[in-house]
Every structure is written in structure tokens, then in C-alpha cells.
Amino acid sequence: MYIGIDFGTTYSEIAALNYFKQIELLMYPGEYAIPSVFYYDGEDDGCIGKDALERGSVDADNMVLDIKMRLGEKFTLSGREFSSEEIVRRIYKEILQTGLMCAETKSFETKEIEGIVLSFPNRFNDPERELLLRCASSCMGEAEGPLPISGAIKEPVAAAIYYIEQNKENPDQQMQVKDGDALLVYDLGGGTCDIALVKYNSEIDAKFEVVDSDMIRRGGRDWDTIISEELTRQFDAHCQAKHRNVPKTPELVNSIRQCAERMKKELSIKGREMVKGNANYQYNNHPQSARLALSFEQFNQLTESLLKETMDCLKNMYDKHANQYQIKNVICVGGGSNMLQVKDAISACIPDCTCRLWEPEYAIVKGATLYASMLGRPKLQEPKNETGIALDDRAMLALDDDGTLENETGIALDDSVMLALDDDGTLTLKDGISITLNDKATRALNRAEGLAPDTSTAPPSRANAANCLLTLPEEGFISDIVSFTYGIEYYSTRLKRSCIKNLIIKNSRMPVSGDYTGRPRYENVEFARLPVYESDSELEICELDDPTAKCIGELQVQLPASFQSVETNIQVHITLNSGQILEVTATLPDGTATSAVIERTYLSDHSNS
């Protein structure tokens, strides 16, 4: 079973590809999504989702919202401290358990998890991505073992894949995606607005090319905050007229915020000009209620600057690439795209493109699920004749997506070309001609012949995934670009000061590598340390005070007992894999490899992102 997970700021979803190659949303009947909320009051082990939201509405001090945008923080609930990592792991576990329980009532080839793809915002930094991947991989606990996380994908890119796969053969010419088309995706989620330009070409292996991507940390929660501020002003006026002062308890603040979220959704229904709601509170130990109201015109005025920020990001992307690529459609996804102002603003911003609202709540999780199935199944290729004996047209074969062998010419194959699959993975014709299939095609052919799967190409089990976060294939279906520059702090003898040596430059194609040879800082005789930086610089060397540069952690290189000298250079090799995770190796002067790891610092300050 191939699974996609969209861990959202406000809500999370999970989906899987069923027996009929259709995407199934794995939610309980009547449920929209799983709230990304954690609650703990000391009476049990805490709860996630809808239950946490309901219990937190009357005990807001012990509820954690928007954890995805607060990675690196710590929270004290009922006297117990929780790290963001522990809360994220619990939410992932709830998402997965919900999905597996819902899958029991649906049709799948297997209920065993074969691969999971996670989606991330475009410009989450390396510590954020690594934390989310690690939490997802280990969320089921040591007894179950690590989950097979087979890939990661940028959120708007996942939405683009879903749209393209659904519409590449659409009879509606306005919606059909053709080779060479580039799709501009606007993803307004709970915490971020992500933009991506994705080009489609079915003739190459990496048929989805990410031309460019960007992100600002603006999302639905910012709209909720601004509306909450207006409703709080109304509440204060109500209290001044009736009671004078009313303390702003966490429960009252939460009640106003929930009212703001409801009003935002109601004003996203065409034709609604005014909405009303209640803020519930206590005064002199008696329950009270304040009547609040918001008009569509007020809503527009209050949030105009937020919408403009996202439009500026979208327009910059379009203007940068419109002359080079055929951009016909702007696809709107993410819950925030349901707001009526969004589609109107995009149409005004880029009048030459058609703006489409495309399954805003579920396009990302469905795209991640499709990508999981792409990574899990072999690339189906036409069998090759490696004997040097030419096969005539009647014998030319192609392997279809469903794992069956078809005659490309449409002419029935007679008995003389009946096939048998040998133990070594070759097809033997009855006249003695052998066709050797590569590993990727053999597994699908085994399914067609009703034989056991070829374990050499099967997705990794939980047991053998223990030593890796991502088990990515050498060849991907997506050609993506690096969102940041990565470098190592070093002392420049020319400049006579410490600088950043950039090893991986922003906008390079992934996977990409870089090497550094130098003398690191030595903590003791066991470890050498090198600070690692992430920035937007495109220079080979930049200053430590570059306003975009942030230290994301330290590279720790383990030194053997025999390594005595602290004056010797060490060679470090850094790779950014297709899942956007930094991997490192280190080589000592004598040529021996030693273990190296980046000890991440999880940043909660995203002001420069």
C-alpha cells in the first residue's frame, strides 16, 4: 500500500492508492481532515485531532495549535514539558493509525505499507525537514520499527503532479496538459503560501521538472489573527458598555479565534455579505455571550495587505518565466484558496492565465500518494533483445502499467512466441531467443506471470529502513531544485577572518554534492566540529553576517583513537538528496572514512524565510 501524508499547519490528511489504482482518502466517515492539534491535561497520555480541539476549547492553556510552524519550541502542559518533536511524532502516529484503520474497510492489494511520501512547504529549512522526516519514520515506536519513508515532495509540486496526471488526457482542451506545458501552482495553506512552476514532459524519465519555487510564511492562520483582532475590538466595546473590564482568559481568546475562523469560511461562500457569531466568556462566575459581526467589505479591507503579499510572490514568479515557458493555467490549492478574494485577485494579477480552484483541501495529499506509487513501482520499459537477433514486428512486446505483456502492433501472438520467465529474469521464446529484462521491468513482469515479487526491487521493509530516512531510487520522476545554499564556516587566510564556504548553491538540481577540505574546529580528541550554514547567497564565499545566513547546526566528525594530530585537514563530502536532506561523509588524511553527522539546531525564528 502506497501512502501520501500532508501534515498541515491546521489540518492533516492521509491517502493511499487502492486495488483499482484510485486514490482513497483514509478518513473516518463524515470527517473532513485530522486537526493538527495536541492536548494534554495530565489525566491520560494526551489526545490528538478533533478530540484535542474540543477539550482545548474549554482548557486552552493545555492545547497546542499550529505545531508545524513552531518547530523547535517547547511547551509546558499541566506541569509537563513537551518538545515539538514529541508532539509532531504523536500527530504523525494518529494520522497513520487513522489511515490504517480506515484502510481495513477498503480494497487494497496489500495492507502492508510499501512506501510513504511526505509533503513539505517549499522553503522549510533543513532542520525542519529533517525533524518532520525523522518523526514520521519513528512515529510507530521501536516495537514496530521505522516506517518506509520512500520520498518527500514540495507541497505545490505534489498538487501539480495530481493536476497533470488527472488532466493530461482530458478531452476538455482548456484543462488538458500537453508536453511542454508549465503549470503555475498557488498553494495557500494554514501557515505558508507556496508557489511553484512545474513543467511537464512525458518523453523523459523525470517528466515533472520544477522550474522554480518560492514561499512566504503567510497562511490562513494570519487571516484568522487579523480577523480575531477586529473581533477583539468589538468584544472590548461590548464589555466597556456592559461590564467594563473582562479578563482575556485563554478560553476567551480561543473562543474569539474559533469565531474568526468560522466567519472566514462563511464569507468564502458566494453571496454572503455579513456574518455574525458569539464570543462566550464568564463574568462574575456567570456565563455571558458577546454578539460579534463582520461584513464582506470589512473582511477585504482587513486582509488586503496579506493577500497582496501572496499575489506579489505569484506575479514575480510569472514575470520571471512567462517569456520562456507556456504557462496557461494557475492552479489554486490549499484551504485558504477557498476565499473568494483569492481567485479574483489571481485573475486580475495574471489575466493571461486561466485560474482554476483544484480540490484545494486534498490536491497535495493526492499528489503525494501518486508520487509514492511512482517511486514504489518499477519504471516499465519495453523488453530489450540482448541476443543480437532481431525480433520482427509480431514479436515486439511492451510492458503495460497493469503489469501485462501486450503486442504493440495489435497482432495476436502465436504459439511460437509464447513466453516463459526464467529464474535469472530472462524471457525465453520457444524458438530459443532470450530477452533479458532489467530489474525494474522484472518485478512487474513477475506480477503478470503470477510469480512471487522480485525482492531485489521491492520497497524496503521497516526492518531494513532503520539506517536511512529516505530510500530514494537513483532515477526520480521529478527533477527538483535546491531551495537554499549550504556551506561550512572556515577561516580564510586570504581575508584573515572566518567566512562561509558554500558547497551547494541555491537552484542547483537535486541530488547535488559539494566537497570541503580543511582544518575543522576540534572540540576534543574524539570529535571535530564544523558549523553548517543555510542561506540565499549564490556566491562561493559569503560573510558570516550575510542577512540571509543562519547556522542550522554543526557537522560533527568522529575521530579514531589513532588520530592524534589536530593540525591535519579533513575532507568532507556533503550531498543534498532528492528528499532535500543533507547527508555527509568524512575522510581522514590516511584515506579512511569516519562517521559524520549534522547536529541540527531547530530554529523557531523564521523572519528571514
Side-chain angles (χ1 to χ4, degrees), residues 117-133 149 151-158 160-161 182 185 187 192 194-199 205-217 313 316-317 320-321 324-325 371 375 469-470 472-489 500-516 530-542 546-553 555 572-585 598 600-601 603 606 608-609:
V117 164
L118 309 177
S119 62
F120 298 148
N122 282 334
R123 282 174 59 82
F124 257 29
N125 59 45
D126 171 77
E128 290 172 311
R129 296 192 304 266
E130 193 271 343
L131 184 147
L132 291 175
L133 277 165
I149 307 298
I153 188 171
K154 293 175 180 175
E155 290 170 357
V157 177
I161 287 179
V185 181
D187 170 22
T192 64
D194 294 79
I195 312 294
L197 181 64
V198 181
K199 182 182 176 183
D205 286 340
K207 57 183 180 179
F208 306 103
E209 177 190 350
V210 182
V211 176
D212 203 350
S213 62
D214 202 355
M215 182 195 91
I216 57 173
R217 290 185 187 256
C313 187
N316 289 339
M317 181 80 70
K320 185 177 177 181
H321 301 287
Q324 186 176 356
Y325 296 93
Y371 188 45
L375 292 178
L469 281 173
L470 292 173
L472 296 165
E474 291 182 5
E475 297 177 359
F477 293 83
I478 299 175
S479 173
D480 203 350
I481 55 176
V482 180
S483 298
F484 294 98
T485 291
Y486 295 94
I488 289 177
E489 182 181 335
I500 303 171
K501 172 74 171 177
N502 289 324
L503 308 180
I504 294 174
I505 306 297
K506 178 181 176 180
N507 294 326
S508 302
R509 290 277 156 196
M510 295 184 291
V512 59
S513 300
D515 294 284
Y516 168 77
L530 284 163
V532 180
Y533 283 81
E534 186 177 68
S535 73
D536 283 325
S537 172
E538 296 187 40
L539 302 174
E540 183 178 346
I541 296 173
C542 69
D546 183 309
T548 69
K550 292 180 179 178
C551 182
I552 60 172
L555 176 60
V572 176
H573 181 76
I574 296 184
T575 297
L576 194 73
N577 65 28
S578 298
Q580 300 187 73
I581 297 299
L582 289 173
E583 300 173 337
V584 296
T585 56
I598 296 177
R600 269 94 174 175
T601 302
L603 306 171
H606 306 300
N608 291 330
S609 296

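Just so you know, these numbers come straight off a predicted model, no measurement behind them.
Taking the side chain to side chain contact (heavy atoms under 4.5 Å, CB included) definition, one finds that Asp214 meets it with Arg123, Cys313, Met317, sequence neighbours left out. Annotation: side-chain hydrogen bond (donor to acceptor under 3.5 Å, both in side chains) contacts of Asn122 (sequence neighbours excluded): none. With sequence neighbours left out, Thr601 forms a side chain to side chain contact (heavy atoms under 4.5 Å, CB included) with Leu603. With sequence neighbours excluded, the residues forming a salt bridge (charged side-chain N to carboxylate O under 4.0 Å, His left out) with Glu540 are Lys501, listed by chain and number. Partners of Thr585 by side chain to side chain contact (heavy atoms under 4.5 Å, CB included), not counting sequence neighbours, listed by chain and number: His573. For Asn316, the side-chain hydrogen bond (donor to acceptor under 3.5 Å, both in side chains) criterion is met by no residue, not counting sequence neighbours.
Between Arg217 and Glu128, at least one side-chain nitrogen of the basic residue sits less than 4.0 Å from a carboxylate oxygen of the acidic one, meeting the salt-bridge criterion. Using a cutoff of 4.0 Å between basic side-chain nitrogens and carboxylate oxygens, Lys154 and Asp194 are not scored as salt-bridged.
Scanning both residues, Leu555 and Val584, for their nearest heavy atoms gives CD1-CG2, 3.5 Å. Shown here for Phe484 and Asn125, the closest heavy-atom pair between the two residues is CE1-CA, 4.1 Å. Taking each heavy atom of Tyr533 and Cys551 in turn, the nearest pair found is CD2-N, 3.6 Å. Between Ser213 and Ile481, the shortest heavy-atom distance links the atoms N-CD1, 4.1 Å. Here the shortest heavy-atom pairing between Gln580 and Ser483 reads OE1-OG, 3.9 Å. Scanning both residues, Leu375 and Gly151, for their nearest heavy atoms gives CD1-CA, 3.9 Å.
Rounding to the nearest 0.5 Å places OG1 of Thr485 at 9.5 Å from CG of Asp546. Atom-to-atom distance recorded for Ile581:CD1 and Leu576:CG is 7.5 Å, nearest 0.5 angstrom. Taken from CD1 in Ile500 to CD1 in Ile488, the straight-line distance is 11.0 Å, to the nearest 0.5 Å. Here the CG atom belonging to Asp212 is positioned 6.0 Å from the CG atom belonging to Asn507, to the nearest 0.5 angstrom.
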Practice problem: Assess whether side-chain contact (heavy atoms from CB on, under 4.5 Å) is satisfied between Ile552 and Leu582, documenting all intermediate values. | Solution: CA-CA 11 Å; Ile552 60 172; Leu582 289 173; 4.2 Å; yes
Practice problem: Verify side-chain contact (heavy atoms from CB on, under 4.5 Å) between Tyr486 and Asp126, making sure each step is shown before the conclusion. | Solution: CA-CA 10 Å; Tyr486 295 94; Asp126 171 77; 4.0 Å; yes
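Put simply, the side chain of Leu132 does not reach to within 4.5 Å of the side chain of Leu118, judged on heavy atoms. Contact of the Ile478 side chain with the Ile161 side chain is registered, since non-hydrogen atoms from C-beta on lie closer than 4.5 Å. Contact annotation: the side chain of Tyr516 approaches that of Leu530 to within less than 4.5 Å [non-hydrogen atoms, C-beta and beyond].
Remark: the backbone N or O of Phe120 is not paired with any side-chain donor or acceptor of Arg129 at under 3.5 angstrom. Of the possible donor and acceptor atoms, none in the side chain of Ser119 sits under 3.5 Å from a partner among the backbone N and O of Ile153. Of the possible donor and acceptor atoms, one in the side chain of Asn502 sits under 3.5 Å from a partner among the backbone N and O of Leu539. Side chain of Glu130 to main chain of Arg600: no donor-acceptor pair is present (N/O by atom type, distance under 3.5 Å, no hydrogens or angles).
For the residue pair Thr575/Asn577, the side-chain donor-acceptor check at 3.5 Å is not satisfied.
The side chain to side chain donor-acceptor pair (under 3.5 Å) test with Ser479 singles out one residue from Lys207, Lys199, Arg509, and that residue is Arg509.
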